[in-house]
Amino acid sequence: MTTFSDRLKEAMYAQNLKQIDLVHIAAENNVKLGKSHVSQYVSGKTVPRNDILHFLADTLHVDADWLLGDSQENFTARENNSVAPKAPSTTKTSGSVGTSNSSKRGTTPMKKAITDKNDNNNAGSSAMHIFKKSSKLDNVLYDVRGPVVEEAARMEERGTHVLKLNIGNPAPFGFRTPDEVIYDMSQQLSDCEGYSPSQGLFSARKAIMQYSQIKKLPNVTISDIYTGNGVSELINLCMSALLDNGDEILIPSPDYPLWTACATLAGGKAVHYICDEQSDWYPDIEDMRRKITDRTKALVIINPNNPTGALYPKEVLQKIVDLAREHHLIIFSDEIYDRLVMDGKEHISIASLAPDLFCVTFSGLSKSHMIAGFRIGWMVLSGNKAIAKDYIEGIKMLSNMRLCSNVPAQSVVQTALWGNQSVNDYLVPGGRIYEQREYIYKALTDIPGITAIKPQAAFYMFPKIDVKKFNIINDEKFALDLLQDKKILIVQGSGFNWKQPDHFRVVYLPRIEVLKEAVGKISDFLSYYRQG
């Protein structure tokens, strides 16, 4: 059976159009077509009504009946008397849109290709096969590097300078790796040409184990340490080893979207619990409780939090531990920013409060030592490992399959963890990160219609925008319009699985003079911007 979804994806591929391109073309032609609608069509969850069907057919230069495919029976119950909108005046060629001379359905280039394909099949010849991405990716999103970022890349290719406040990458903003780390790596490179043990170099794991002891993680030995190519690889590995189809895992909203993507790709169901902005972005414990079912296997916390910059106090962490204990859940704690804490606060590892539970704690050097490109992270298994013996075997299996993580980066873990912690100087009054946080918080919240909770850790802020004041119904469009008007790149709240179109994330790594320019442009943009 050939479905509408199959035909739609084939036609989009033939025209070199992505989902976001359809949304943009629709907007240009005053057709109401949102990103979520296109996503549902592509994933096969629904079929469009008649007017949208004909719009898509005109845009993709195919016959509407062909595009509908074997979904015709399901479609007949829908509206059939709507007037089709004006066809787009442009066709995608070399990244731009141009006029098409063959606009009649039935004689379009796509239809001719389909006819030729059928003729070839009838003649016994083999037609070209179109390779499609796995259906497992249909509901996987990672908009931190998504459609808005792709548009920024196209603008840069045309010579436009874009100010990037979208990603936590310290190096482009002048943050340098400590000299002793670079020196130690250079001295050890000749010893790092081969594979390491799959879990990592002994020296690296020993240093991480000792660091875990300082953080009071219980029942940790060197065999409980796994190094990875950043924490990202280890998140993917842990989700793949744990989740069967239909298994549920609690993940915060807003989240770092890799957690949701990896859980979904593994066949699990990401169930998002709310972090409450009115309570300094702390997890809503009762919302977590309501969302636990008999399919729930684990819960995730991100502390310090990305994208909000929140730091969870001990009393909140204890409530989460109590909930996990009550429902026999694994705790995954993403603590990659645990050494980027301000205002005299202390980071507490949740695993230190849960010796009777099985916990997996993630951290690394990418942010604290400004070496994101080196790709070195780790995870620590702690607590009651006996209840997770089989799961740990799965982790070992997947760890062995990827052979090992970046060996030169592993070689500097010991130096980095136990040498001079230069990041500390950034986090106190007079330090870059501290002063940039102070500036961006005041400057953005001085703009009418913008409010925010001051972050206590990391280098992100998640401001709220008054959607009624600016008539915002689509936060991706807001981010795209800001990019195109002011050449400033942010990430919209929906990119972090936040359900309302009322937030965006900014990275405050640029120096204050750059942030001042950015805020000035955002303020000017909001002085006239109204969506719709």
What's the separation between atom CG in Asp334 and atom CD1 in Ile302, rounded to the nearest 0.5 Å?
5.5 Å
Can you tell me if Ser405 and Asn229 form a side-chain donor-acceptor pair at under 3.5 Å?
no
Side-chain donor-acceptor pair present, Thr221, Ser223, cut-off under 3.5 Å
yes
Answer yes or no: is there a donor N or O on one side and an acceptor on the other, between the side chain of Ser186 and the main chain of Tyr183, under 3.5 Å?
yes
Heavy-atom distance under 4.5 Å between the side chains of Leu381 and Val220, does that happen here?
no
Find out whether His369 and Pro178 are in side-chain contact, i.e. whether some heavy atom of one side chain is under 4.5 Å from a heavy atom of the other.
yes
Return the minimal non-hydrogen interatomic distance between Trp498 and Ser253, and the atom names on each side.
CZ3-O, 3.4 Å
What closest approach, in Å, do Met370 and Val423 show between heavy atoms, and which atom pair accounts for it?
CE-CG2, 4.1 Å
Side-chain donor-acceptor contacts of residues 306-323 below 3.5 Å, not counting sequence neighbours, with atom names and distances?
residue, atom, partner, partner atom, Å
Asn306, OD1, Arg505, NH1, 2.7
Thr308, OG1, Asn305, OD1, 2.9
Thr308, OG1, Ala310, N, 3.2
Tyr312, OH, Asn305, ND2, 3.4
Gln318, NE2, Asp322, OD1, 3.0
Asp322, OD1, Arg325, NH1, 3.2

Do the side chains of Arg289 and Glu326 get close enough for a salt bridge, i.e. N-O under 4.0 angstrom?
yes
If only side-chain N and O atoms count, and only distance matters, is there a donor-acceptor pair under 3.5 Å linking Thr293 with Glu248?
yes
Interatomic distance, Asp224 atom CG to Trp378 atom CH2 [nearest 0.5 angstrom]:
15.5 Å
Is the shortest side-chain heavy-atom distance between Leu483 and Val148 below 4.5 Å?
yes
Looking at Tyr13, I want to see if its OH is surrounded by more than 12 non-hydrogen atoms of other residues, nucleotides or ligands under 6.0 Å.
no
Under a plain distance cut-off of 3.5 Å, with no hydrogens placed, do Ser198 and Asn400 share a side-chain donor-acceptor pair?
yes
I would like to know whether Arg375 and Ser232 meet side chain to side chain contact (heavy atoms under 4.5 Å, CB included); could you show each step before the answer?
CA-CA 9 Å; Arg375 309 311 300 136; Ser232 300; 4.0 Å; yes
Would you compute the distance between atom OG of Ser352 and atom CD of Gln213 and round it to the nearest 0.5 angstrom?
13.5 Å
Are there more than 12 heavy atoms of other residues, nucleotides or ligands under 6.0 Å from atom NE2 of His37?
no
Backbone N/O of Thr260 and side chain of Thr264: donor-acceptor pair under 3.5 Å
yes
Any donor-acceptor N/O pair, Asp287 side chain to Ile274 backbone, under 3.5 Å
yes
Take atom NZ of Lys215 as the centre, draw a 6.0 Å sphere, and report whether it contains more than 12 heavy atoms from other residues, nucleotides or ligands.
yes
Report yes if some heavy atom in the side chain of Met379 is under 4.5 Å from a heavy atom in the side chain of Ile235; otherwise report no.
no
Using 30° and 60° as the class limits, which term best fits the ring planes of Trp259 and Phe332: parallel, tilted or perpendicular?
tilted
What distance do Leu217 atom CG and Ile208 atom CD1 have between them, rounded to the nearest 0.5 Å?
12.0 Å
For Thr296, does its backbone N or O pair with a side-chain atom of His327 as donor and acceptor, under 3.5 Å?
no
Hey, does Asp338 have a side-chain heavy atom less than 4.5 Å from the side chain of Tyr211?
yes
Determine yes or no for a side-chain-to-main-chain donor-acceptor pair under 3.5 angstrom, with Asn474 supplying the side chain and Lys477 the backbone.
yes
Would you find more than 12 non-hydrogen atoms of other residues, nucleotides or ligands less than 6.0 Å from Lys132 atom NZ?
yes
Could you check whether any side-chain N or O of Asp280 sits under 3.5 Å from a backbone N or O of Tyr282, counting only pairs where one atom can act as donor and the other as acceptor?
no
Let me confirm one number: the CG-OH distance from Leu8 to Tyr41, rounded to the nearest 0.5 Å.
9.5 Å
Main-chain N/O of Phe202 paired to Arg205 side chain as donor or acceptor, under 3.5 Å:
no
Which distance, rounded to the nearest 0.5 Å, do you find between the NE2 of His272 and the CG of Leu250?
10.0 Å
With a 4.0 Å cut-off on N to O distance, would you call Lys164 and Glu156 a salt bridge?
yes
Any donor-acceptor pair under 3.5 Å linking the side-chain atoms of His24 with those of Glu151?
no
How about Trp281 and Asp276: do any of their side-chain heavy atoms sit closer than 4.5 Å?
no
So does Glu233 get a backbone contact from the side chain of Asn236, meaning a donor-acceptor N/O pair under 3.5 Å?
no
How far apart are the closest heavy atoms of Ser212 and Val380, and which atoms are they?
OG-CG2, 3.5 Å
List the atom of Gly200, the atom of Gln410, and the distance in Å for their closest heavy-atom pair.
CA-OE1, 3.0 Å
Does Ser399 form a side-chain hydrogen bond (donor to acceptor under 3.5 Å, both in side chains) with Gln199? I'd like the steps, not just the answer.
CA-CA 7 Å; Ser399 179; Gln199 288 182 238; over 6 Å; no
Would you please say whether a donor-acceptor pair under 3.5 Å links the side chains of Asp356 and Asn384?
no
Does the Lys385 side chain pair with the main chain of Asn219, one donor and one acceptor, at a distance under 3.5 Å?
yes
Determine the interplanar angle of the Tyr460 and Tyr337 rings, folded into 0 to 90°, and report it as parallel if under 30°, tilted if 30 to 60°, perpendicular if over 60°.
perpendicular
Close side-chain approach of Phe358 to Ile392, heavy-atom, < 4.5 Å
yes
Can Lys18 and Asp21 be counted as an ion pair, charged N to O under 4.0 angstrom?
no
May I ask you to test the Leu489-Leu163 pair for a side-chain heavy-atom distance under 4.5 Å?
no
Could you tell me whether a side-chain N or O of Gln436 sits under 3.5 Å from a main-chain N or O of Tyr508, the two making a donor and an acceptor?
yes
Taking the six-membered ring of Tyr434, is the NZ or CZ of Arg437 close enough (under 6.0 Å from the centre) and on axis enough (within 45°)?
yes
Closest non-hydrogen atoms of Asp244 and Asp247, given as atom of the first, atom of the second and distance, are N-OD2, 2.8 Å
